[in-house]
Amino acid sequence: MAIAEQISLINKQLNDSSARLIVVTKTRSMEELKETYAAGAVEFGENRVQEMVEKQAVLPKDILWHQIGHLQTNKVKYIAPFVHLIHSVDSLNLLQEINKQGAKNNRVIQCLLQVFIATEESKFGLDFAEAESLLADPSFAQMQHIRIVGLMGMASFTENEAQIQKEFASLADFFQKLKNNKTGVSTGLVEWIELSMGMSGDYLIAAELGSTLVRVGSAIYGPRH
Ligand SMILES: *Cc1c(COP(=O)(O)O)cnc(C)c1O
């Protein structure tokens with residue numbers, strides 16, 4: 001099926017939920033990205049800094065670029081001038097670097113804390129306690145060039161829907177708790193609005209459990225090579 005048709009199908013499926021679609025464009029060609037933009041999508045997700053920078057340089061400037069993959073501190077400077085939202089903040093150290101680069105670019109960079117909810121060992125992220133202690137760290141309150149706008153998480157890579165449901169529900173509960181307690185909000189640097197969860201295999205489950213951002217690639221373009 002054509003890219004435009006897949007995007008409109010997914011948007012239709014998300015219609016009754018609070019989730020909106022981020023099209024995950026990593027590894028896809030410029031032609032595919034142009035076709036995606038022509039279909040009306042403007043929120044693109046990439047996981048490699050160099051690839052995002054190269055694509056951003058030549059594509060229309062109204063595209064909102066989401067950094068969804070693990071981000072090394074020494075690469076923050078390349079995306080700081082334009083990145084719309086960094087989903088993968090998993091340390092105070094990284095946040096400090098984002099703040100520094102935000103200052104250099106005279107902007108506030110929006111971030112999500114990536115929380116570990118899967119059973120696999122390989123996935124990045126903070127556990128719930130680590131996320132809370134990051135938000136309570138005194139050095140965090142001093143950062144003028146970042147804003148935490150929510151959480152991101154990835155479920156286990158499994159066919160077991162009950163397992164996926166359980167993991168997303170635990171993240172949604174944690175999100176709700178932070179929101180209810182207004183955790184970090186008094187710093188002026190935190191707003192609990194976005195819950196980024198759901199990929200090609202599990203975005204419908206995530207949308208049902210309160211996701212606001214689903215990150216979908218292969219369900220639109222087919223398998224990655
Ligand atoms: C690649 C990737 C996605 C999209 O994966 P698909 O299965 O192709 O939809 C979503 N989130 C993250 C963090 C990714 O790295």
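The basis for the numbers below is simple: all heavy atoms, side chains too, and nothing from hydrogens, waters or symmetry mates. Counting starts at 1 for both ligands and their atoms, in listed order.
Not counting sequence neighbours, Glu161 has no partner by the salt bridge (Lys or Arg N to Asp or Glu O under 4.0 Å) test.
Ring geometry for His87 against His66 counts as perpendicular: the plane angle is over 60°, on a 0 to 90° scale with 30° as the lower cut.
Salt-bridge formation is detected for the pair Lys177/Glu132: a Lys NZ or Arg NE/NH1/NH2 atom is positioned less than 4.0 Å from an Asp or Glu carboxylate oxygen. The residues Glu194 and Arg20 are annotated as salt-bridged, a charged nitrogen and a carboxylate oxygen being separated by less than 4.0 angstrom.
Applying salt bridge (Lys or Arg N to Asp or Glu O under 4.0 Å) to Glu46 and the options Arg28, Lys26, Lys55 leaves one that passes, Lys55.
When only modelled atom types and interatomic distance are considered, Glu130 and Ser133 share no side-chain donor-acceptor pair under 3.5 Å.
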Can you give me a line-by-line list of nitrogen or oxygen pairs between ligand 1 and the protein shorter than 3.5 Å?
residue  : atom   : partner : partner atom : Å
ligand 1 : 7 (O)  : Ser218  : OG           : 3.3
ligand 1 : 8 (O)  : Ser218  : N            : 2.8
ligand 1 : 8 (O)  : Ser218  : OG           : 2.7
ligand 1 : 8 (O)  : Arg224  : NH1          : 2.7
ligand 1 : 8 (O)  : Arg224  : NH2          : 3.2
ligand 1 : 9 (O)  : Ser200  : N            : 3.0
ligand 1 : 9 (O)  : Ser200  : OG           : 2.5
ligand 1 : 9 (O)  : Gly217  : N            : 2.8
ligand 1 : 11 (N) : Arg215  : NE           : 2.9
ligand 1 : 11 (N) : Arg215  : NH2          : 3.4
ligand 1 : 15 (O) : Lys26   : NZ           : 2.7

